[in-house]
Structure formats: structure tokens, C-alpha cells
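Below is one structure, written out as C-alpha cells, with a few remarks after it.
Below, each value reflects all heavy atoms present in this structure, side chains not excepted, and no hydrogens, waters or symmetry copies. Per chain, numbering begins at 1; letters A, B, ... match sequence-line order.
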Amino acid sequence: MRIATWNVNSVRQRLDHLLTWLKECRPDIVCLQEIKCMDDAFPREPIEALGYNVVTHGQKTFNGVALLSKYPLDEATPRLAGDDLDEHARFIEGVVSLKSGVVRVACLYLPNGNPVDTEKYPYKLRWMERLREFTKLRLKTEEPLILAGDFNVIPHARDVHNPAAWANDALFKPETRESFQALLGLGMTDALRAVTDDAGQYTFWDYQAGAWQKNWGIRIDHLLLSPQASDRLVDVGIDKYVRAWEKPSDHVPVWVDLDLEVA
DNA sequence: ATGCCTTAATGTTTAAGA
């Protein structure tokens, strides 16, 4: 089973890229972030025509997440628990039945948190706490769980071309990285780091200053695996090639292959 | 150099992103 995540930076602007990539990558489950549209504006028909079930948690202009699945979604639950007043559309969890049990996939768009001297940074840290509480709860089930999305967290200096320039950024500040490590400490595995220690495994290149051409990238799109998912890990990939397409998203897709059998 | 692009929308400018 191939599970992928991609921050498309507007699904309507990126529809041609998305359809082309779906046909090439052939993922079974896809987590999309920054769809930047309401549910009724999501281009579901051409995606359904490729064999996907589609569930969305959209928002006007900003944020918005979606799950695409070749298999029926037994459940699809929007919103991360822990703050009923949080109106941002940043989370949707789906459940797919396996021959033995289920697999849970949480699609998330973690807050950016910049500028750090505003309310945006504490909002990010609170959101990360809520994600830890959610994960703690799910881990008790001992089911395969995948947290997939744009975490807006650079985990380590090897994940950024110029660590010093990012030292005080919300994506790389010590508090941010410590909170991410605490999430891993619950028992989650950073899939990419399970297969390589290499530096420069970037998933995002800024539109500005020729960042792509200079390979000034960062790794902020992640798939975190529970022990029951990590035990089934076969492969991990970063589809860097789509960043070279015309009018690309600033993020590229990341995927894992897991040896799980669908019911 | 805390913004050199890109996006959506109270649109001929602003806010947000990372």
C-alpha cells in the first residue's frame, strides 16, 4: 500500500499536476494540504475518475486538507481535538479496513508559526501539543497509524541548506524541534529517517530568490509511522521531479510503501 | 534581505505563506 502526502498550494491551480502525478505515482491513499478552497469548489470529479474516493475539509482562501483513497473510507473525521474554537481547516483522519484490523491515516497541515513574536507561534506550539494528545490516544489501539502532511517543522540541521539562517524561524526554533521530537518519542518513526541519514532530502523550495535552482531547500513534509506501520515499511520516496514542472507547488510529494493487505 | 514569488480575494492592494 502506497501512502503519499503533498502540499499542492491550491488544488485548483495544481489540478493538472495532481492528475499527472497520480497516474505516475499510483498512490493508494493521498493526503493533500493547502487545497485553498471550500468543499464544494474541490475538483472531485477528475480525481474520482482515476478511481479515488474523495473527502475534503476545506476553507475559503487558506489552509484546507483532503484525503484521496482507492479503498473505501470507513470513517473520515475532520478537525484535531483539543480546541473547539480553532476554525482552521488543517486536519482530517481517515480509516481503511485491512484483512486484519484497520489502518488510520491522519492528513495534517501544521501551522507555520511565523512571525514568532506574534500569537501565531504559540498557536503552532499548542497545535503540536494537541497532535501529541491525539497520537497518544491512537497509539493505545496498537493499530497501524500514519501521520502524513506538511508539519512545517525542519527536524534537524541536515534538513536545511543553511541552518544558521533558519535558527530563529518558527520551523526550526529549538522549541519547535523539541516538540517534534516529543511526538517521535511517543513511539512514532520518521519514515524518511528509517531509510537514510543523508542530508539534503528536501521537500520544499521557496518560490523566491531562485531557491530551487540553488537547491536552497528544507525538509518539512513528513510521514510518521506507529510501530505497527513502521514494522511494515518497505520504501520511502520524495518525488522531487515535480518541482521542475511549469508553475509548480513549492512543496513536492513524499510517499511510503507499507506491506499492508486491504480487506 | 522578515521577504527577491505565488495564491485567493473586501482585488488595481492586501494577507499569508516559509
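When the P atom is used for both B/dA18 and B/dA8, the distance is 15 Å, rounded to whole Å. For the P atoms, the distance from B/dA1 to B/dG11 is 36 Å, rounded to whole Å. Taking atom P on both nucleotides, B/dT10 is separated from B/dC5 by 26 Å, rounded to a whole Å. For the P atom pair drawn from B/dC4 and B/dA15, the interatomic distance equals 15 Å after rounding to whole Å. Across B/dG3 and B/dT14, the matching P atoms stand 15 Å from one another, rounded to whole Å.
Think of A/F204 as one node in a network of Ile, Leu, Val, Met, Phe, Trp and Tyr side chains linked at under 4.5 Å; its network also takes in A/I154, A/V160, A/W166, A/L171, A/F172, A/I218, A/I220. When hydrophobic residues (I, L, V, M, F, W, Y) are linked wherever their side-chain heavy atoms come within less than 4.5 Å, the members clustered with A/V95 are A/V102. The hydrophobic cluster containing A/F62, built from Ile/Leu/Val/Met/Phe/Trp/Tyr side-chain heavy atoms closer than 4.5 Å, comprises no other residue. When hydrophobic side chains of Ile, Leu, Val, Met, Phe, Trp and Tyr are connected at separations under 4.5 Å, A/V234 ends up as a singleton with no cluster partners.
Residue pairs meeting the ring-ring contact (aromatic ring centres under 6.0 Å, His included) criterion with at least one member in residues 71-121 of chain A, sequence neighbours excluded, are A/H88-A/Y123, A/F91-A/F134.
Mapping heavy-atom proximity under 4.0 Å, the span of DNA chain B touched by chain A runs 5' to 3' from B/dG3 to B/dA18.
If A/L171 and A/S10 are placed on DNA chain B by their nearest nucleotide, the residue sitting closer to the 5' end is A/S10. Ranked by how close their nearest DNA chain B nucleotide is to the 5' end, A/C37 and A/F204 are led by A/C37.
When only modelled atom types and interatomic distance are considered, A/T5 and A/Q33 share a side-chain donor-acceptor pair under 3.5 Å.
A/H251 comes within 4.0 angstrom of the backbone, heavy atoms only, and of no base. Within 4.0 Å (heavy atoms only), A/N152 reaches sugar-phosphate atoms of the nucleic acid but no base atom. Backbone-only engagement by A/D150 is indicated by non-hydrogen atom pairs under 4.0 Å involving sugar-phosphate atoms exclusively.
Residues A/Y207 and A/N9 have side chains in contact (heavy-atom distance under 4.5 Å, counting atoms from C-beta outward).
Residues of residues 109-125 of chain A having a heavy atom closer than 4.0 Å to DNA chain B, listed by number: A/Y109, A/N112, A/N114, A/K120.
Applying the side chain to side chain contact (heavy atoms under 4.5 Å, CB included) test to A/P122 and every residue at least two apart in sequence or in another chain returns A/E119, A/R126. Checked against side chain to side chain contact (heavy atoms under 4.5 Å, CB included), A/R79 has the following partners two or more places apart in sequence or in another chain: A/H57, A/E87.
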